[in-house]
Trainee: 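Below is one structure. I have some questions about it.
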Amino acid sequence: MSRRAAIWTFAVAALAAPPIDDWLGGYMPRLLLVEMPAWVVLGWIAGRRARTRRWPWNPVGLTGLAYFAGAIGFWMIPRSVDAVRTSEAVDQLMHASLLLGGAGLAASTALLPFVLRAALGIYAASMTFALGIIYTSYRALLCGTFDLTQQRSTGHWLLVACPFVVLGVIVAGARALGRERRRMTERRSHRGATVAPPSLAAE
Amino acid sequence: MNLRRAVVAAAPATALAMWLLLASWWTHAFRAFTNFSAARLAAGPVPRSSPPLRVVDQHGVSWDVASPSSQYRLVQAMYLRCPDLCPVAMARLGLLARNLGDMIPDRLRIVSLDVEGDPPSALHEMWVAHGSHEGWTMASLAEAPVDATLRRLGVWIQRRPDGLINHGLDLLLLDPTGDVVDVMAPEEDEGAMADRIRRRIR
């Protein structure tokens, strides 16, 4: 086992270990803003190796993206958040599905066209903002197993996280555009070299 | 080859459809996104009969809130140690009582249903703190399985390990026969709620 794989396995085991899992899941902001993203990130790391490969089940990256969007949407439902806290089986299901969702996303993003990736980023930023507003301002409890203070705190931290998500989207977009420009320049110079007349080549 | 191509093309739709089907089942066809609304749906459509709600009120008197009476009854769950939501809900109930003052207590009685079995003396203290309103009863459920009674009523409840109780704050309107004829979500505006109750009673 490589060092990276060992670190990854250790991180998964640590995150799933009852004391850490209970600590993260016992407080709403920690559950939604630390534990769930951590499982997605670990899945993403696991799926990075597969991101350049074209899997037959993942044409142009849409299957991974659809699975990830479905998983995130499902675990954002207040009833699901409650079930994660009250049922160990549902908690484990959340771990597995988000891990798989992160891997699916990693296997898909490189295959997705730039426009779709940009739309995904903008959607993530707007969802963070919208959820932040809802959790901060809604005066009734949405997740019944937590309390109103934790709900508002989750909303507050989501709003704090929002500019960073936007910044991340902009940086990722700029990097992708830079890569694309470099690739085009390389292609153009390569084409120039191959079609250069013999006289120029001789010079 | 064509079949393989079809399977490959269906993969993204299958992945999304799987989650949508799961979410649809879990949220009762996208009608219940919270445990509170799921409990409301599970109790069935209104009008529906209420389970017996035997209580001991702030004066130490035992009676059944759901028994036939000349009054409509507006019922909401609460408990005295509740740190955040119940005090807000009780304050809003006070505003509602003022808004519906012409109907209380002759045609309507407000009942704050204690889910923790607080004693009449403590309930009386709370009643006094809220203005000793004649048409506002604060009463502890004397029914043995309180949680089951509340679930039958359509109110979600969960007793947390730290001793706090998370419960629904829906306002249930019982007609004089004891049937639940309306259920109002706690986030509804007091004025709109008062209008809705007036329409029901007239």
Side-chain angles (χ1 to χ4, degrees), chain A residues 22 26-28 54-87 90 93-94 97-98 100-101 104-105 107-108 111-112 116 134 137-153, chain B residues 4-28 30-39 41-42 82-89 91-92 155-162 164-171 184-190:
Chain A
D22 292 349
Y27 189 63
M28 196 176 164
R54 277 180 193 273
W55 301 91
W57 49 266
N58 198 16
V60 293
L62 278 181
T63 308
L65 181 65
Y67 180 88
F68 172 74
I72 285 289
F74 183 79
W75 296 115
M76 285 295 118
I77 296 172
R79 260 198 105 191
S80 310
V81 177
D82 280 336
V84 165
R85 195 179 184 194
T86 52
S87 159
V90 176
L93 208 65
M94 181 271 284
S97 61
L98 288 184
L100 201 61
L105 186 69
S108 298
L111 303 174
L112 290 173
L116 247 171
I134 290 170
S137 58
Y138 205 62
R139 57 183 182 178
L141 203 56
L142 288 166
C143 299
T145 52
F146 298 97
D147 56 46
L148 206 56
T149 315
Q150 292 185 30
Q151 183 170 299
R152 293 206 171 126
S153 178
Chain B
R4 189 172 173 268
R5 216 176 271 174
V7 169
V8 163
T14 310
L16 195 60
M18 184 194 80
W19 281 112
L20 281 175
L21 281 173
L22 186 66
S24 171
W25 164 76
W26 182 235
T27 59
H28 300 270
F30 302 106
R31 288 178 300 156
F33 288 91
T34 64
N35 278 332
F36 308 110
S37 46
L41 273 178
C82 182
D84 47 18
L85 285 167
C86 298
V88 176
R92 295 188 69 210
V155 177
W156 182 80
I157 183 162
Q158 193 223 10
R159 291 174 196 273
R160 286 167 36 173
D162 59 7
L164 295 179
I165 305 168
N166 284 356
H167 60 86
L169 285 165
D170 284 348
L171 285 130
M184 285 157 278
E187 60 271 21
E188 256 186 66
D189 173 70
E190 293 94 17

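Numbers restart at 1 for each chain; the letters A, B, ... are given by sequence-line order, proteins then strands.
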Trainee: What side-chain hydrogen bond (donor to acceptor under 3.5 Å, both in side chains) pairs are there with at least one residue in residues 63-77 of chain A, not counting sequence neighbours?
Mentor: A/Trp75-A/Ser97

Trainee: Got a second to check how far A/Cys143's SG is from B/Phe33's CZ, nearest 0.5 Å?
Mentor: 13.0 Å

Trainee: Against chain A, label B/Ala38 side chain, backbone, both or neither, depending on which of its atoms sit under 4.5 Å from a heavy atom there.
Mentor: side chain

Trainee: Which bit of A/Phe146 comes within less than 4.5 Å of chain B, counting heavy atoms only: side chain, backbone, both or neither?
Mentor: backbone

Trainee: Please name the pair of heavy atoms, one in A/Ala66 and one in B/Leu16, separated by the smallest distance, quoted to 0.1 Å.
Mentor: O-CD1, 3.7 Å

Trainee: Show, in sequence, the C-alpha distance, side-chain angles and deciding distance for B/Arg160 and A/Asp147, and conclude whether the side-chain contact (heavy atoms from CB on, under 4.5 Å) test is met.
Mentor: CA-CA 11 Å; B/Arg160 286 167 36 173; A/Asp147 56 46; 3.9 Å; yes

Trainee: Out of curiosity, A/Gln150 CD to B/Asp84 CG, how far, rounded to the nearest 0.5 Å?
Mentor: 9.5 Å

Trainee: Counting only non-hydrogen atoms closer than 4.5 Å, does A/Thr86 touch chain B with its backbone (N, CA, C, O), its side chain (CB onward), both, or neither?
Mentor: side chain

Trainee: Which answer fits B/Leu169, side chain, backbone, both or neither, if we ask what part of it has an atom under 4.5 Å from a heavy atom of chain A?
Mentor: neither

Trainee: Hey, which of A/Ser80, A/Gly104, A/Ala69, A/Ala140 has the most heavy atom pairs under 4.5 Å with chain B?
Mentor: A/Ser80

Trainee: Quick check for you: to the nearest 0.5 Å, what is the distance between B/Glu187 atom CD and A/Leu141 atom CG?
Mentor: 10.5 Å

Trainee: I'd like to check B/Gln158 versus A/Asp82 (side-chain heavy atoms, cut-off strictly below 4.5 Å). Are they in contact?
Mentor: no

Trainee: At their closest point, which heavy atom of B/Trp26 faces which heavy atom of A/Ala83, and how far apart are they?
Mentor: CZ2-CB, 3.8 Å

Trainee: Applying side chain to side chain donor-acceptor pair (under 3.5 Å), can you list everything that pairs with B/Glu190, at least two apart in sequence or on another chain?
Mentor: B/Arg92

Trainee: Examine whether an atom of B/Leu20 lies under 4.5 Å from a heavy atom of chain A, and if so say whether it belongs to the side chain, the backbone or both; otherwise answer neither.
Mentor: neither

Trainee: Measuring heavy-atom distances to chain A, does B/Asn35 have an atom under 4.5 Å in its side chain, in its backbone, in both, or in neither?
Mentor: both

Trainee: Drop me the distance from A/Thr145's OG1 to B/Trp156's CH2, to the nearest 0.5 angstrom.
Mentor: 6.0 Å

Trainee: Counting only non-hydrogen atoms closer than 4.5 Å, does B/Ala32 touch chain A with its backbone (N, CA, C, O), its side chain (CB onward), both, or neither?
Mentor: backbone

